[in-house]
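Step one of this worksheet: look at the structure below.
Fair warning: this is a prediction, and the values are worked out from it, not measured in the lab. Within every chain, numbering begins at 1; the chains are lettered A, B, ... in the order of the sequence lines, protein sequences first and strands thereafter.
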Number of protein chains: 2
Amino acid sequence: MATLQEVAVAAGVSPATASRALSTPASVSIERRHRVLEAAERLGYRPNRSAQDLASGRSRHIGLVVPDLANPYFATVAKGVQAQARGAHRSVLVADTDEDVRAEREILGDLQPNVGGLLLCSPRLPEDEVRDAATRGPLVIVNREVAGLASVSFDVASGVRAALEHLKALGHTRVAYVGGPASSWSDARRRAALGDVSGVEIVDIGGHRPIHQGGVAAADLIVAAGATAVLAYNDLVALGVMSRLTARGLDVPGDISVVGFDDIPAASYASPALTTVALPLTRAGHEATTLLDGLDTAAAPPTVRLAVELVVRDSTGPAARP
Amino acid sequence: MATLQEVAVAAGVSPATASRALSTPASVSIERRHRVLEAAERLGYRPNRSAQDLASGRSRHIGLVVPDLANPYFATVAKGVQAQARGAHRSVLVADTDEDVRAEREILGDLQPNVGGLLLCSPRLPEDEVRDAATRGPLVIVNREVAGLASVSFDVASGVRAALEHLKALGHTRVAYVGGPASSWSDARRRAALGDVSGVEIVDIGGHRPIHQGGVAAADLIVAAGATAVLAYNDLVALGVMSRLTARGLDVPGDISVVGFDDIPAASYASPALTTVALPLTRAGHEATTLLDGLDTAAAPPTVRLAVELVVRDSTGPAARP
DNA sequence: GTGAAAGCGCTAACAC
DNA sequence: GTGTTAGCGCTTTCAC
């Protein structure tokens, strides 16, 4: 493994110049710069990140903390982060908390001192702890907003409204809401917008696990509540609702319409294909990474709220005549 | 941020002793060890990974290269890797190649010099390049085998046989195989086992993209070929086949039985729920990480071939009478 | 614009 | 067991 030292010797310059040629090309004469670049290329020079980080006092790694990597939602965000980070020559350290707040704390303490910035997808960590973490280094929150901190989130309220208007236009007047984890920020956002559309009565089915099984569990409650349509916390839940409904012999959307949230790939594969509020997850990963890069220079911590879009597929239809 | 130096001073020992107390506790007297641990705890000491790596000459990071993080297959492997790595106090650097071999090469060159070991999920990279990478540092291949290199893969042949036997027992005699990417190692493994079950005629539908859309594209060919059952390259493809079949008005499993590979979460959500060959993906992540740790000490590069299991659900049934 | 020199925080001989 | 002493490979003042 060639070192910068060796590159410098090969190029006939000092290590300092070699370093500058690579990191601040503008500060080196064009001729020497070329010599250094050529030598680096020829020797197959690869910077030693540990050395760079140690010497400069800042890490080029980005830490990404997610509750569950196997969840397509977070996996997609992670993919976006990854892509953007690579463009900025930074690497991504991912940590999966397995939905466990205790593990999350531990990971935070472990990870944060060793990364240049942290991307936190943490729907459940108490706000003061998030704020605390932000004092320890650059931090961007994803899918949540905390006053005074940089974040990337989605305009879920308008998504909820769009879904409700869509159902209303189809003649639905009694819509069940299947909630997610009670402590989740984004569940609260969804709930807050539930009353925004007049003429649609909302039946709260309560909080459920944000996975397929949660929807399965909720389906019977929906039927019992006499709703003709459902808005679910996310697609996984919506898919769960749909499969249980179908298993009970009910038709979607003939008997009950179903709307999800997120637009994970499975939403379009399902049959019927799921009508859902699409969140630009990859884009969120991009934005969050970009935000992180500009965080020191930014005056106030920026908050990006990404627009969402209702994707109408086949799981919604006219309300059944009573 | 407290340094080891400061911890050492606070504990009244030399930096070396402080270092040993933390990394090789056995080599320090019990009393001093306690003093160091206590001081570290009290000062909130966090080791600087860059410094550790630079000084010791080896990185504690694990590099994980996957073709697509948003693919539930790789996301699940990644989760397994992550969990195991954290147990060993190592962090995971993930890189997503976006299914692009050129990007993969670049990532390899970038990543490998800066990690202590590499986990490669790379179905398509030419074998000699994989072998080449292995000379540059500890490397474990996942879901593929290359002679002489450490790897974790699945016993897909027995999975194919189990699927075929299952179909045969249901009376199917003409089974279509929807292949994956032609250059993929695991597609070749599946194909190699296709002839192992006598009494079942295999119709090769050719290679398709290993995603939902690939299955959609293949479905019509299956019908045209007159097969009563399909074995697909993976679940995504199987799901695609199923949705196209259903859209054409065919019944699964009434008219055609479908079997997938992998057992991703969506397989159990689908309706009908997909019969599939389950691969222990999380386990593969664990094993690969464990293998990486023991690689230097191992005599011969270990090859782990994980057992698979046919999960019979609702997408397979008796062959339709001709 | 360039080089010399001083570390960044830690580990690993090497002596004791 | 323990301390002393060198660095690991790089960035970054500081002079020139």
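- Remark: P of C/dT2 and CZ of A/Arg20 are 8 Å apart, rounded to the nearest angstrom.
- Looking at A/Ser186, A/Ser153, A/Ser151 one by one, the single match for side-chain hydrogen bond (donor to acceptor under 3.5 Å, both in side chains) with A/Glu145 turns out to be A/Ser153.
- No more than 12 heavy atoms of other residues, nucleotides or ligands sit less than 6.0 Å from atom CZ of A/Arg305.
- Considering only the side chain of B/Val13, D/dG3 comes nearest among D/dC10, D/dG3, C/dA12.
- Atom P of nucleotide C/dG1 and atom NE2 of A/His34 are separated by 16 Å, given to the nearest angstrom.
- The nucleotide whose nearest atom lies closest to any side-chain atom of A/Leu4 is, among C/dA12, D/dT2, D/dT11, D/dT11.
- The nucleotide whose nearest atom lies closest to any side-chain atom of B/Ala51 is, among C/dC10, D/dG9, C/dA12, C/dC10.
- Relative to the side chain of A/Asn48, the nucleotides C/dC10, C/dC14, D/dC10 differ in distance, and D/dC10 lies closest.
- When rounded to the nearest whole Å, the span between CG of A/Asn114 and P of C/dC8 equals 17 Å.
- Taking each heavy atom of A/Val140 and A/Leu291 in turn, the nearest pair found is CG2-CB, 4.0 Å.
- Taking side-chain N and O atoms only, B/Ser19 has a distance below 4.0 Å to OP1 or OP2 of C/dT11.
- For the atom pair B/Leu292 CG and B/Gln84 CD, the distance stands at 11.0 Å (nearest 0.5 Å).
- Applying the 4.0 Å criterion to OP1 and OP2 of C/dT2, one finds that A/Arg35 has every side-chain N and O outside that range.
- Regarding B/Arg58, its CZ atom lies at a distance of 9 Å from the P atom of C/dT11, rounded to whole Å.
- Between the side chain of B/Arg33 and the base of D/dG1, no donor-acceptor pair under 3.5 Å is found.
- Here B/Arg32 reaches the OP1 or OP2 of D/dG3: one of its side-chain N or O atoms lies under 4.0 Å away.
- If you check C/dC10, C/dG3, C/dC8 against the side chain of A/Leu54, the one that comes closest is C/dC8.
- Look at CD on B/Glu6: it is 9 Å from P on C/dC10, rounded to the nearest Å.
- Per the geometry, OH belonging to B/Tyr45 stands 8 Å off C1' belonging to C/dG9, to the nearest Å.
- Applying the 4.0 Å criterion to OP1 and OP2 of C/dG3, one finds that A/Ser14 has a side-chain N or O inside that range.
- Summarising the geometry of B/Ile62 relative to B/Ala85, their closest heavy-atom pair is CD1-CB, 4.0 Å, with the distance given to 0.1 Å.
- Interatomic distance, A/Glu99 CD to A/Asp68 CG, rounded to the nearest 0.5 Å: 5.5 Å.
- Between B/Ala55 and B/Ser29, it is B/Ser29 whose nearest contact on DNA chain D lies nearer the 5' terminus.
- Dashed line: the shortest gap from a side-chain N or O of B/Arg49 to OP1 or OP2 of C/dT11 is not under 4.0 Å.
- In this structure, B/Gln52 atom CD and D/dG9 atom C1' are separated by 17 Å, rounded to whole Å.
- Under 4.0 angstrom from either OP1 or OP2 of D/dG9 there lies no side-chain N or O belonging to A/Gln5.
- For the OP1/OP2 pair of D/dT2 and a distance below 4.0 Å, the side-chain nitrogens and oxygens of B/Thr17 include no atom meeting the criterion.
- Between C/dT2, C/dG3, D/dT2, one nucleotide has an atom nearer to the side chain of B/Val28 than all others, and that is D/dT2.
- Rounded to whole Å, the distance from CG on B/Asp53 to P on D/dC8 is 16 Å.
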